[in-house]
Engineer: 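Take this structure first; my questions come after.
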Amino acid sequence: MVLSFHQAFWDVLNPNGSLVINIKDKVVDGVRHRYVWRTIEALCEQGWCAIDDYIWNKPNPMPGRWPTRLSDGWEYCFHLCKTKKPYFDHEAVKKPIGDWTESRLAKLGKNDKTRHNSVNESGFGRDLSRWVDKTKVLPPNVLTIGLVGKNMGHPAVFPIELPAFFIKLLSPKGGLVVDPFGGSGTTGVAALQLGRNCILVDNNADYFAEANRRLTDEGHITLYKPTRKKQAQRVPEQLQLVEKAETPYHANGNGVSNRNGTTLKKTKMQGKRITS
Ligand SMILES: C[S@@+](CC[C@H](N)C(=O)[O-])C[C@H]1O[C@@H](n2cnc3c(N)ncnc32)[C@H](O)[C@@H]1O
């Protein structure tokens, strides 16, 4: 399989940056089509490191009935990088260890105090004594996050916890987060709320407007509307959405591009690197 879309991401991504692809396979002619697996394999053949496969577990999937399948309750989020050592902030995503420790760690047996191989030599050894006095642990790579309701100005809005998880884990504060399928702007809202900058792209004018609204209301940024007078003034060093003639659809820190990709305005964001 020959892919070309990835080259643009490769070209701008920091050496220690990450590309997270949320992609869902579908059923074609009664069976699961494997284009998702083939896409990831093709990306690896072209140099990307498949660091991990995350499962987004949706506890509230759309109900339905199909002859040979159950409802789709999860989606992939693939973590891809240019190297095997991306920026990775374990501490940022740690969660409370939970009540189980009080009873389980109170009386540790001999086998709990040293790391030993599992009986069937599967390689999944454990040493429970490491968890004594710990209050936080790393979460698993299965992310259980409920879908958000409809009527959000877009038919497929992310729950904000999903992009927020990857932004915290894979980008530093002040880093740059890019969502080339920005939709209603959830990734951008999460990025701004977490102290990152963002670039959003969408080819639908209605969704662009909705993203503008959400970035203002939930991301707490001030939309920048260029007038001649204002252009001469200092521009806030944050994401700027520029409204201009020709209905620009691409809003980013370097300005806004119209349908032909012509940059309409440059800002102080130039030189920031892509992190995620
Ligand atoms: C699944 S939605 C993303 C929703 C988003 N995560 C949110 O929370 O609102 C995908 C978006 O990609 C946009 N899109 C599809 N093809 C595109 C393209 N070729 N260029 C730019 N945007 C595109 C669609 O308009 C749609 O809003």
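Counting starts at 1 for both ligands and their atoms, following the listed order.
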Engineer: Can you give me the closest heavy-atom contact between L13 and S18, atom names plus distance?
Structural biologist: CD1-O, 3.5 Å
Engineer: If the cut-off is 4.0 Å to any non-hydrogen atom of S184, which atoms of ligand 1 fall inside it?
Structural biologist: 7 (C), 8 (O), 9 (O)
Engineer: Is a side-chain donor-acceptor pair under 3.5 Å present for W74 with Y54?
Structural biologist: no
Engineer: Taking N or O atoms only and a 3.5 Å limit, does F158 qualify as a polar contact for ligand 1?
Structural biologist: yes
Engineer: Give the atoms of ligand 1, by number and element, whose distance to some non-hydrogen atom of G182 is under 4.0 Å.
Structural biologist: 5 (C), 7 (C), 9 (O)
Engineer: Report, in ascending order of atom number, the atoms of ligand 1 lying under 4.0 Å from any heavy atom of N204.
Structural biologist: 25 (O)
Engineer: Output yes when the distance from some N or O of ligand 1 to some N or O of D202 is under 3.5 Å, and no in every other case.
Structural biologist: yes
Engineer: State, yes or no, whether a side-chain contact exists between L215 and L192 at a heavy-atom distance under 4.5 Å.
Structural biologist: yes
Engineer: Tell me which part of Y207 gets within contact of ligand 1: side chain, backbone, both or neither, using heavy atoms under 4.0 Å.
Structural biologist: side chain
Engineer: Which ligand 1 atoms, with their elements, are less than 4.0 angstrom from a heavy-atom of T186?
Structural biologist: 7 (C), 8 (O), 9 (O)
Engineer: Are the side chains of F158 and N22 in contact, using a 4.5 Å heavy-atom criterion?
Structural biologist: yes
Engineer: Looking only at non-hydrogen atoms, find the nearest pair between I160 and Q193 and report the distance.
Structural biologist: CD1-OE1, 3.7 Å
Engineer: Side chains of T186 and R214: closer than 4.5 Å at any heavy-atom pair?
Structural biologist: yes
